[in-house]
Amino acid sequence: MRTVNKFIFTGLFFVLAVCAFAQAQDSIVHADTTVITAQDVTVAPPDSLKAADSLQVMTDTVPPKKTKVYLIHSNTLSFDKAVKPDAQILNGDVCFRHDSSYMYCDSAYFFEQTNSLEAFSNVRMEQGDTLFVYGDYLFYDGNTQVAYLRENVRMENGQVTLFTDSLNYERIPNIGYYFEGGLIVDSLNQLSSFYGQYSPETKLAVFNDSVQVENPDFTLYSDTLHYDTESKVATILGPSVIVSDSGTIHTSRGWYDTVNNTSLLLDQSQVESGEKILIGDSIFYNRDTGMGEVYGNMSLIDTAQHVTLQGEYGYYNEQTGYAFATDSARFLEYSQGDTLFLHADTLQMVTVDSVYREIKAYYGVRFYRIDMQGVCDSMQFNTRDSVLYMYTEPVLWNEQYQLYGDTIAIYMNDSTIEYAHVIQFAFAAQHVDSSYYNQLKGNDLKAYFEGQAVHQIDVAGNAESIFYPLEKDGAKVGMNETKSGFLTIWVKDNKLDKLKIWPSPVGSMTPIPDLKPDWYVVKETAAPEGYCLDTAVSKNVQVKSDAPSMVKFENDKNATLRISKTDSVTGKPMENVEFTIVREDGKTYGKHYTNRQGE
């Protein structure tokens, strides 16, 4: 009986307890304000914490499973129908947890039905032990797992810190982005923009609109930029300018390694260094060494010297001033109004000092300017003595004149020709009309210029000439042919004014009717190796269109010369005695020195 009474009593107590709890819940719903005054409120059950911790991260292809946001702690919890009828009002040491993320603040509204919250003052969000986000305000949606932070926002991830006043952080892709201006700082650089985003997982940052990168050595301004906070490499994806003490870079696409100061610049980028501008389709540039290597449409412009070096490939060292171009290489000089165009397979520009430089051209050289044109195999020009050297079968044209020889040296005076020196096997021709040419030849020839025209020509050594003197009415008198040791002619208005030949000149005049157009004079100008050239031998040959003509030349083998030098008193051989060997026609064979045997 006692047992039955005990059971009935326990049952009545349970019913009363349930009724009291229901009444309490009804009072919470209908009361204007109900405050739970108990300290250190803990709502989330321990079992739910363990269950939440065991959740796994879903892949991108599978929608994330919705999980609840739990209130971990608050000093006070209340409901205020007038203020937030659907929210729990929390104050003091508030802490929430959603999966592995924890959110802290001074006060908050917790919307349990919508799985969201608003946090105020001293907001802190922690994701693991590497990501911390701070701010004055936070709205967090647990269903979409997006955090909206405002005012004095700071995101810390290792050595990377993001500053802004408006940040949205999406937990699923693990990306935070701002859209009203922000700043990202790492151990080396400071990057700011109007829009930006940062991924703590990949360590990559994206910047758009008014991008600026501050580095101790340079400042980069851009429209669009990607930045790897680990490698410190900035990927340029929009119009950009990089400014430093050494120069300025203009580019719209490429990358810049801010640690090693190396970059790859694409799409006709431009590197400015002092008075030099380097342009190309692709430029690999090292700011520390000053070396720029260009692939495709290279141009190196010297704004001070008014010259441009071009090619499909080349490089330039801004520290040494050395430049190289090849593959359709071109050189343009435009300091005096008229432009000199020079083309070769390979071009080099060597800067010795601020006023002295050398330009070297190799293989298939061609150049053009209104007052002179020329071709040769290789060429060199230096600004110290303003001399342009043409090597290997050079030909120089000036108005009606053509010069040819073994080597031609053109002496310039303020970018105008002072005189041209044809060294060995010199030949000059002046165009008279379609059938006649005035001609000069000799061992050495100098043509002096006045303005842009030849006014005097000097020939030294085996001088020969063929001229067609003119009557006052322009009619040709005949063909005047001369031979002498030396010759000088003076030209006026592109016509022969005076002729001087010496010593012991030999000449002849052939009337025009007696000239035979199909007869030619052939002279051997170079003998085979080991054989002697007889320059006095020439032969006449008639050339007909219906049959080949043949000319036969015979050469003697070179003689051997042996010199022995002895002391006239002792008869002993004398060493290091200098001899200069000169042929009868004036050609020298260099200097020679005796050995210990006096030979």
Side-chain angles (χ1 to χ4, degrees), residues 305-311 325-349 357-383 385-442 444-459 489 491-496:
Q305 302 295 331
H306 302 286
V307 298
T308 299
L309 185 67
Q310 298 177 335
T326 189
D327 189 1
S328 303
R330 297 171 298 277
F331 176 81
L332 289 78
E333 199 277 342
Y334 40 90
S335 61
Q336 298 298 317
D338 184 35
T339 302
L340 169 67
F341 298 89
L342 187 148
H343 166 76
D345 177 76
T346 302
L347 291 171
Q348 295 182 30
M349 186 166 65
R357 69 180 185 279
E358 292 182 347
I359 289 86
K360 300 178 180 180
Y362 301 96
Y363 316 122
V365 179
R366 293 174 174 83
F367 63 89
Y368 172 87
R369 199 169 73 175
I370 194 169
D371 60 338
M372 66 173 178
Q373 304 83 41
V375 297
C376 58
D377 180 70
S378 57
M379 190 180 76
Q380 177 177 328
F381 176 75
N382 68 74
T383 58
D385 52 12
S386 297
V387 180
L388 188 151
Y389 295 93
M390 302 171 62
Y391 302 102
T392 312
E393 299 184 352
V395 181
L396 179 67
W397 290 275
N398 169 259
E399 294 187 346
Q400 298 175 337
Y401 287 90
Q402 173 181 309
L403 303 179
Y404 171 84
D406 180 75
T407 301
I408 298 178
I410 304 172
Y411 290 79
M412 315 288 288
N413 183 12
D414 194 21
S415 295
T416 60
I417 304 176
E418 185 175 349
Y419 69 94
H421 185 190
V422 185
I423 305 168
Q424 292 191 356
F425 307 115
F427 176 82
Q430 180 193 23
H431 180 254
V432 178
D433 56 32
S434 60
S435 301
Y436 300 94
Y437 292 84
N438 294 330
Q439 303 168 53
L440 294 172
K441 72 175 294 291
D444 187 276
L445 183 148
K446 290 182 179 179
Y448 297 89
F449 290 76
E450 202 171 73
Q452 297 182 352
V454 175
H455 77 95
Q456 180 180 332
I457 299 178
D458 294 339
V459 180
I489 65 168
V491 180
K492 186 176 182 180
D493 297 329
N494 284 325
K495 297 178 181 179
L496 177 63

Novice: Counting neighbours of CD on Glu358 that are heavy atoms of other residues, nucleotides or ligands and sit closer than 6.0 Å, is the number greater than 12?
Specialist: yes
Novice: Would the number of heavy atoms belonging to other residues, nucleotides or ligands and lying under 6.0 Å from CZ of Arg366 be above 12?
Specialist: no
Novice: Taking atom OH of Tyr334 as the centre, report whether more than 12 heavy atoms of other residues, nucleotides or ligands fall under 6.0 Å from it.
Specialist: yes
Novice: Gln310 and Thr308: side-chain donor and acceptor closer than 3.5 Å?
Specialist: no
Novice: Hey, what's the ring geometry for Tyr389 with Tyr391, parallel, tilted or perpendicular (30° and 60° as the breaks)?
Specialist: parallel
Novice: When rounded to the nearest 0.5 angstrom, what distance separates NE2 in His306 from CD in Glu333?
Specialist: 9.0 Å
Novice: If you count the non-hydrogen atoms of other residues, nucleotides and ligands that lie under 6.0 Å from CG in Asp493, is the total more than 12?
Specialist: no
Novice: Looking at the rings of Phe427 and Tyr404, which for Trp means the six-membered one, are their centres under 6.0 Å apart?
Specialist: no
Novice: Any non-hydrogen side-chain atom of Lys441 less than 4.5 Å from a side-chain atom of Gln439?
Specialist: no
Novice: Roughly how far, to the nearest 0.5 Å, is CD of Glu393 from CZ of Phe425?
Specialist: 11.5 Å
Novice: Within a strict 4.5 Å, meaning less than it, do heavy atoms of the Leu342 and Phe381 side chains meet?
Specialist: no
Novice: Does a side chain donor of either Gln456 or Asp458 reach within less than 3.5 Å of an acceptor in the other side chain?
Specialist: yes
Novice: Apply side-chain contact (heavy atoms from CB on, under 4.5 Å) to residues Met412 and Ile417 and explain how you reach the verdict.
Specialist: CA-CA 5 Å; Met412 315 288 288; Ile417 304 176; 4.2 Å; yes
Novice: If you look at every heavy atom in Ala453 and Glu399, which pair is closest and at what distance?
Specialist: CB-OE1, 3.8 Å
Novice: Any chance you could measure Ile359, atom CD1, to Gln348, atom CD, to the nearest 0.5 Å?
Specialist: 11.0 Å
Novice: Looking only at heavy atoms, which two atoms of Ala409 and Val387 are closest? And how far apart?
Specialist: CB-CG1, 4.2 Å
Novice: Give me the atom names and distance for the closest heavy-atom approach of Gln452 to Asn398.
Specialist: O-ND2, 2.9 Å
Novice: Tell me, do Arg369 and Thr339 make a side-chain contact under 4.5 Å, heavy atoms counted?
Specialist: no
Novice: Search all heavy atoms of Leu347 against all heavy atoms of Ala344 and return the closest pair with its distance.
Specialist: CD2-CB, 4.1 Å
Novice: Could you check whether any side-chain N or O of Thr326 sits under 3.5 Å from a backbone N or O of Asp345, counting only pairs where one atom can act as donor and the other as acceptor?
Specialist: yes
Novice: Take Val454 and Gln400 through the test side-chain contact (heavy atoms from CB on, under 4.5 Å) and record every step on the way to the result.
Specialist: CA-CA 9 Å; Val454 175; Gln400 298 175 337; over 6 Å; no
Novice: Side chains of Val395 and Gln402, heavy atoms from C-beta outward: is any pair under 4.5 Å?
Specialist: yes
Novice: Measure across Ala420 and Leu403 and return the closest heavy-atom pair with its distance rounded to 0.1 Å.
Specialist: CB-CD1, 4.0 Å
Novice: Could you tell me whether a side-chain N or O of Asp338 sits under 3.5 Å from a main-chain N or O of Ile370, the two making a donor and an acceptor?
Specialist: yes
Novice: Side-chain contact, heavy-atom cut-off 4.5 Å: Phe449 with Thr416?
Specialist: no
Novice: A side-chain contact here means heavy atoms from C-beta on lying under 4.5 Å apart; do Asp377 and Tyr363 qualify?
Specialist: yes
Novice: Taking side chain as C-beta onward, heavy atoms only, is Val459 less than 4.5 Å from Leu445?
Specialist: yes
Novice: With no hydrogens and no angle check, do the side chains of Tyr368 and Gln373 hold a donor and an acceptor under 3.5 Å apart?
Specialist: no
Novice: Here's a test for you: under side-chain contact (heavy atoms from CB on, under 4.5 Å), which of His343, Arg330, Met372 qualifies with Phe367?
Specialist: Met372
Novice: Is there a side-chain contact between Gln430 and Leu496, using heavy atoms and a 4.5 Å cut-off?
Specialist: no
Novice: Check the pair Val375, Trp397 against side-chain contact (heavy atoms from CB on, under 4.5 Å), reporting the backbone distance first and the verdict last.
Specialist: CA-CA 9 Å; Val375 297; Trp397 290 275; 4.0 Å; yes
Novice: Could you walk me through whether Ile408 and Val422 pass the side-chain contact (heavy atoms from CB on, under 4.5 Å) check?
Specialist: CA-CA 4 Å; Ile408 298 178; Val422 185; 4.1 Å; yes
Novice: For Leu309 and Ala325, which heavy atoms make the closest approach, and how far apart are they?
Specialist: CG-CB, 3.9 Å
Novice: OH/Tyr411 to CD/Glu418 distance, rounded to the nearest 0.5 angstrom?
Specialist: 10.0 Å
